[in-house]
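Quick caveat, the model's predicted, so the values are computed rather than measured.
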Amino acid sequence: PVEPGNAELKEVFSSLPNIIGIRQFTDQKEYDFDVPPPPGLPLEQIGFNNIKIDPDGVVRKNLIYWLTPDKKAHRSFAFQLALKYLQQEGIELIQSANNPWELQLGKTVLRLFETNDGAYVRADNGGYQLLVNFYRVEGGFPTWSFRDVLEDKVPPEQIQGRIVLIGNTAKSLKDFFSTPYSGNLFNQPQRMAGVELHANFLSQLLNAAIDGQSLLLKFWPEPVEWIWIFAWSSIGAYLSWRWRSPYLNLAGILLLEFGLLLICYLAFLLNWWLPLIPASLT
C-alpha cells in the first residue's frame, strides 16, 4: 500500500464492479513466487496477464485460461474484461455439453489451439490458447496520458461505454513484445507494449462475439492436410512424367507454385491456414 490515497483506492475497488485488476503466475521453475493482484478486489474482478511466447520470441497466441497446480482454472485479464463487457450486451459464455473444451461466446466458437495447428509441430498447447489475429499494430488504439486525464483533457464521450486499459508504454520499462507485425527484412523491428498487446487480445474476442467477425484462424484436421500434400505431390509427379522436357517441367512447377500460393493466400484472407511449404516442396 502507498499512502496517501490507499484507503480511497480500496473504496473504489469495492464500489465499482467493472474494474478488473491483474495478477501474474510464475511459469518458470527457478522462480517460486507469483505477483499477487491488488488487495481488495474479489476473484471475479482479477485476471492474469501472463503471455505465451513462441520459441522464436514472437507472440502469436492469446492464453485465456491458466490451470494452476491446485487444479483451479483462472481467466486472463483480456478474457475477464471481455466477459464483463459482454454481460451488458446479453452475451454469456456457454460451455458445450459434449466437449468441455468448446466454448461458445456470442456469435463465435472459441477453438482451442492444437499442437499441430498451421505450421506448428508438437507445440505447447497448455491452458486454453487461441491464435491471435492482430487487429491493430503499435500505436493503433486511441491513447491518452495520465496528465491528460488528470487535467480533464479527455472528452467524456471517448471513454463512456468503452473499455479503458491503464498501462505503461514508456520504453524504459521494457514491457514490450515482438509480434508477427514487428518488422521485416527492410525495417527496424517495432515491438508492441504489453497494454497494447492485451488490447489486441480483447479486441479480437469482442469483435468475434458481438459482430460475428470470423477473426479466429481455422485449420484442417491432420488427415485432410495429408491428403492435400499428397494431392499436390501427385500433380507434380504426373506432370513430370507426362512432360519429359526439362523446360516444360520447370514451367509446370512454376505454374503449380503460383497456383498453390494463390490458393493459400485467398484461403488465409478467409482465415483458413493451409499447409503451403510442405505442399510446395512435394
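Remark: side-chain polar atoms of S14 are paired, donor with acceptor, to backbone N or O of E11 under 3.5 angstrom. With hydrogens and angles disregarded, a donor-acceptor distance shorter than 3.5 Å links the side chain of Q80 to the backbone of I46. Side chain of Q45 to main chain of G40: no donor-acceptor pair is present (N/O by atom type, distance under 3.5 Å, no hydrogens or angles). Checked by atom type and distance alone, the side chain of K52 never pairs as donor or acceptor with a backbone atom of D124 at under 3.5 Å. Of the possible donor and acceptor atoms, one in the side chain of R191 sits under 3.5 Å from a partner among the backbone N and O of F176. Of the possible donor and acceptor atoms, none in the side chain of D34 sits under 3.5 Å from a partner among the backbone N and O of P36. Using a distance-only test at 3.5 Å, with no hydrogens or angles considered, no donor-acceptor pair links the side chain of Q204 to the main chain of A199. Judged by distance alone, with hydrogens and angles left aside, the side-chain atoms of W228 form no donor-acceptor pair with the main-chain N or O of A279 at under 3.5 Å. Side chain of Q129 to main chain of N62: no donor-acceptor pair is present (N/O by atom type, distance under 3.5 Å, no hydrogens or angles). Under a 3.5 Å cut-off, the side chain of N200 and the backbone N or O of L197 do not form any donor-acceptor pair.
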Should L103 and V109 be marked as a side-chain contact (heavy atoms from CB on, under 4.5 Å) after you check the CA-CA gap, both sets of side-chain angles, and the distance that decides it? CA-CA 6 Å; L103 303 176; V109 174; over 6 Å; no

Trace of the ring pair (Phe, Tyr, Trp, His ring centres under 6.0 Å) decision for F48 with H74: CA-CA 7 Å; F48 65 82; H74 301 266; 7.6 Å; no

Step-by-step ring pair (Phe, Tyr, Trp, His ring centres under 6.0 Å) determination, F79 to Y65: CA-CA 8 Å; F79 199 39; Y65 274 107; 5.5 Å; yes

Mind running side-chain contact (heavy atoms from CB on, under 4.5 Å) on H198 and I51 for me, showing each step along the way? CA-CA 9 Å; H198 288 287; I51 292 172; 4.0 Å; yes

side-chain contact (heavy atoms from CB on, under 4.5 Å) between L281 and W232, intermediate numbers included: CA-CA 9 Å; L281 291 174; W232 282 99; over 6 Å; no

Assess whether side-chain contact (heavy atoms from CB on, under 4.5 Å) is satisfied between L248 and R242, documenting all intermediate values. CA-CA 10 Å; L248 286 178; R242 289 296 300 249; over 6 Å; no

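Atom CG of N168 and atom CZ of F146 lie 6.5 Å apart (nearest 0.5 Å). Note that CD of E196 and OG1 of T179 are 10.0 Å apart. Values are rounded to the nearest 0.5 Å. Note that the CG atom of L83 and the CD1 atom of I91 stand 10.5 Å from one another [nearest 0.5 Å]. Atom CG of D117 sits about 8.0 Å away from atom CD of E225, to the nearest 0.5 Å. Taken to the nearest 0.5 Å, the CH2 atom of W273 stands 15.0 Å off from the NZ atom of K218. Remark: Q24 CD to N49 CG distance equals 4.5 Å, nearest 0.5 Å.
Closest non-hydrogen pair, S233 versus T282, comes out as CB-CB, 3.5 Å. Scanning both residues, P39 and F13, for their nearest heavy atoms gives O-CD1, 3.6 Å. Taking all atoms of both residues into account, the shortest heavy-atom contact from L86 to A209 is CD1-CB, 3.8 Å. Closest approach of G127 and L112 over heavy atoms only: O-CD1, 3.9 Å. Considering all non-hydrogen atoms of both residues, G21 and P38 come closest at CA-CD, 4.5 Å. For the pair P278 and I229, the tightest heavy-atom approach, listed with the atom from each and the gap, is CB-CD1, 3.6 Å.
Residues Y238 and Y247 fall into different hydrophobic clusters, defined by Ile, Leu, Val, Met, Phe, Trp and Tyr side chains chained together at heavy-atom separations under 4.5 Å. Taken together through direct or relayed side-chain contacts under 4.5 Å among Ile, Leu, Val, Met, Phe, Trp and Tyr, V164 and V195 form parts of separate hydrophobic clusters. Placement of F177 and L173 in two distinct hydrophobic clusters is found when ILVMFWY residues are connected by side-chain heavy-atom separations under 4.5 Å, directly or transitively. Linking ILVMFWY side-chain heavy atoms closer than 4.5 Å, directly or via other members, places I235 and V224 in a single hydrophobic cluster. Note: the hydrophobic cluster containing I166 does not contain W144 (ILVMFWY, side chain heavy atoms under 4.5 Å, direct or indirect links).
Proximity of L205 to L110: side-chain heavy atoms (C-beta onward) are separated by under 4.5 Å at one or more points. Side-chain contact check for V58 versus P180: some heavy-atom pair is nearer than 4.5 Å. For the pair R23 and V35, the minimum side-chain heavy-atom distance is 4.5 Å or more. Between I210 and Y85 the shortest side-chain heavy-atom distance falls below 4.5 Å. Here the side chains of L274 and F268 are not in contact, with every heavy-atom distance at 4.5 Å or above. V59 has its side chain out of reach of D54: every pair of non-hydrogen atoms, C-beta onward, lies at least 4.5 Å apart. Within the 4.5 Å cutoff, no side-chain heavy atoms of L266 are placed close to those of W272.
Applying the salt bridge (charged side-chain N to carboxylate O under 4.0 Å, His left out) definition to pairs two or more places apart or across chains, those involving residues 143-156 are R147-E151, E151-K153.
Under the 3.5 Å distance criterion, with hydrogens and angles disregarded, no donor-acceptor pair is assigned to the side chains of Y120 and N125. A donor-acceptor contact under 3.5 angstrom links the side chains of S280 and E257, judged on distance only.
Few gaps surround NZ on K84; more than 12 heavy atoms of other groups in view lie less than 6.0 Å from it.
Under a 4.0 Å N-O distance rule, the pair K171/D175 does not qualify as a salt bridge.
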